[in-house]
Enquirer: 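Sharing a structure, written as structure tokens. Questions coming.
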Amino acid sequence: MFSLLAREKLYVNEVVLGTAFGILVGPHVAGIFDPRSWGSRTDVITLEVMRIVLATGLFAIGVELPQSYMAKHAKSLLAMVVPTMAMGWIIVAGLMRVALPKLNFISCLALAACLTPTDPIICAAIVGGNFATKHVPLNLRQLLSAESAANDGLAYPFLTFAIYFTIDHTKREAVGHWFLIGWLYQVILGIFAGAILGLGFSHLMKFSHKRGFIDRESFVAQYLALAIFVTGVVSTIGRNALSWDGHFNVHTEGEVFSSVVDLVLNCACFIYIGAWMPFETFRDPVLDLTLWRLFALAIGILILRRIPAILVLYKWIPEITSWREALFSGHFGPMGVGAIFVSTLAKRKLENANTPPVTQEDFLAACLHPVVSFVVLTSIVIRGY
């Protein structure tokens, strides 16, 4: 009822409001909704909720970008995604090595991998607002949206590199698993399968439209149906193959995908995140976790994760025309649904970890959710306004 007032007058988007409401109804305040009361099923449910929301959010970005945007802006996206993520990954791991003495550098790399991707859900909520529309150039908004969609799946190689070096017995075995599973299966095969499915559905809808078998409303329904279907088939989605030639965009023009996704699925997701937040684990003497240590780590990550890399690289990115735009693009790197999804995925891979922690694998599994959720909460508060 007051969403327009919050967004246009107070500049508070639905991400902040949803998270705040989730905290209020969660176990630490009202006790109405407690995802962590589900026991061993909590991580499974959390993983799937984040997966579905990410899939629909990525499809929203894909169908709303201009025709063949990824191909036409491949040079800029390559500079924005690969070196920026790699540099941020190493820098964040270094900060964690200083702030979390119980973890070795490989474990810090695993934690840092959860925070490398720019969250497409929060990105859509911020970039799609009227304030951004008035003050941020269109080409820069499109670039940031495309980057948030492109870099999400590339967190897998960073994560699996650190995870396999933690759980495997030999370096040779870890490298083999990283290449075969982290790259070939989860990324390359995922992109190929997602692209084939997207193009196949695109041709099928063209065929149906030419023969009058499908109407405008069905085009809209296919957007959500295909997002959920592809999520069940592959780990990494060929995100904009469906709208590659612009046919899907033409027949759904006027349907505001981002608004629907932001105000329905995303609000529900961030209410879930707010209720799920493990506040009681932010102080843990066994893991050497304190609020001040986590706060200092989060601020360091927000400052150093992207800004230095993009200030160095922006001259190779035509859409960024000045150091001010580079500074904004570097600051603009929200962490949210994607970070919680990747950290929960990592925790599932470390399901044999012991409590209380003894080995490095145990310490990593115990630190994943407290550290990632605190950084995500900080990012939501600072970048949600």
Side-chain angles (χ1 to χ4, degrees), residues 13-28 30-61 114-115 117-125 148-149 152-153 155-156 159 186 190 194 223-237 239 257-258 260-279 281 334-351 365 368-377 379-380 384:
N13 62 36
E14 61 272 14
V15 171
V16 176
L17 295 175
T19 306
F21 184 76
I23 293 172
L24 288 176
V25 301
H28 300 283
I32 298 172
F33 177 50
D34 183 7
R36 293 190 176 274
S37 65
W38 303 331
S40 59
R41 294 175 296 175
T42 298
D43 285 345
V44 177
I45 295 171
T46 300
L47 188 69
E48 297 310 317
V49 169
M50 301 301 122
R51 191 196 303 273
I52 293 298
V53 173
L54 277 173
T56 53
L58 291 171
F59 263 75
I61 292 173
C114 302
L115 300 170
T118 300
D119 191 76
I121 309 303
I122 301 179
C123 176
S148 70
D152 184 69
Y156 284 96
L159 175 67
Q186 291 183 323
Y223 154 69
L224 287 174
L226 183 59
I228 296 172
F229 175 73
V230 174
T231 302
V233 176
V234 293
S235 297
T236 305
I237 302 167
R239 297 176 182 89
F257 288 108
S258 291
V260 175
V261 173
D262 291 345
L263 296 175
V264 181
L265 289 176
N266 296 351
C267 282
C269 178
F270 282 98
I271 290 171
Y272 183 97
I273 289 173
W276 170 89
M277 278 285 168
F279 289 100
T281 64
M335 294 163 281
V337 178
I340 293 175
F341 171 76
V342 176
S343 65
T344 305
L345 185 67
K347 193 175 179 183
R348 295 276 294 163
K349 290 182 178 293
L350 300 170
E351 57 187 359
L368 275 167
H369 277 168
V371 174
V372 171
S373 60
F374 189 93
V375 175
V376 165
L377 185 60
S379 176
I380 288 173

Enquirer: When you compare the side chain of Val375 with that of Met335, does any pair of heavy atoms fall below 4.5 Å?
Expert: yes
Enquirer: Look up atom NE2 in His28 and atom CD1 in Ile23, then write down how far apart they are to the nearest 0.5 Å.
Expert: 9.0 Å
Enquirer: Rounded to the nearest 0.5 Å, how far apart are OG1 of Thr344 and CD1 of Ile45?
Expert: 12.0 Å
Enquirer: State, to 0.1 Å, how close Ser379 and Pro334 come at their nearest heavy-atom pair, and which atoms those are.
Expert: OG-CA, 3.6 Å
Enquirer: Looking only at heavy atoms, what is the nearest atom pair of Leu159 and Cys114, with distance?
Expert: CD1-SG, 4.4 Å
Enquirer: Would the distance check show the side chain of Asp119 and the main-chain N or O of Val337 forming a donor-acceptor pair, the cut-off being under 3.5 Å?
Expert: yes
Enquirer: At their closest point, which heavy atom of Met277 faces which heavy atom of Val376, and how far apart are they?
Expert: CE-CG1, 4.3 Å
Enquirer: Does Phe21 CZ have over 12 foreign heavy atoms under 6.0 Å away?
Expert: no
Enquirer: Find the distance between OG (Ser40) and CD (Glu351) and round it off to the nearest 0.5 Å.
Expert: 10.5 Å
Enquirer: Any side-chain heavy atom of Phe270 within less than 4.5 Å of one from Ile380?
Expert: yes
Enquirer: Find the distance between CD1 (Ile271) and CG (Leu24) and round it off to the nearest 0.5 Å.
Expert: 10.5 Å
Enquirer: Please examine the side chains of Met50 and Ile273, heavy atoms only from C-beta on, and report whether any two atoms are closer than 4.5 Å.
Expert: yes
Enquirer: With side chains defined as the heavy atoms from C-beta onward, is the minimum distance between Val44 and Trp38 less than 4.5 Å?
Expert: no
Enquirer: Considering all heavy atoms of both residues, which atom of Thr42 and which atom of Tyr272 are nearest to each other, and what is their separation?
Expert: O-OH, 4.0 Å
Enquirer: Would you give the length of the straight line joining atom SG of Cys269 to atom CG of Leu54, rounded to the nearest 0.5 angstrom?
Expert: 7.5 Å
Enquirer: Let me confirm one number: the CG-CD1 distance from Leu345 to Ile340, rounded to the nearest 0.5 Å.
Expert: 13.5 Å
Enquirer: Please tell me if the side chains of Leu47 and Lys347 come closer than 4.5 Å, counting only heavy atoms from C-beta onward.
Expert: no
Enquirer: Return the minimal non-hydrogen interatomic distance between Ala339 and Leu115, and the atom names on each side.
Expert: CB-CD2, 4.0 Å
Enquirer: State, to 0.1 Å, how close Trp276 and Arg36 come at their nearest heavy-atom pair, and which atoms those are.
Expert: O-NE, 2.7 Å
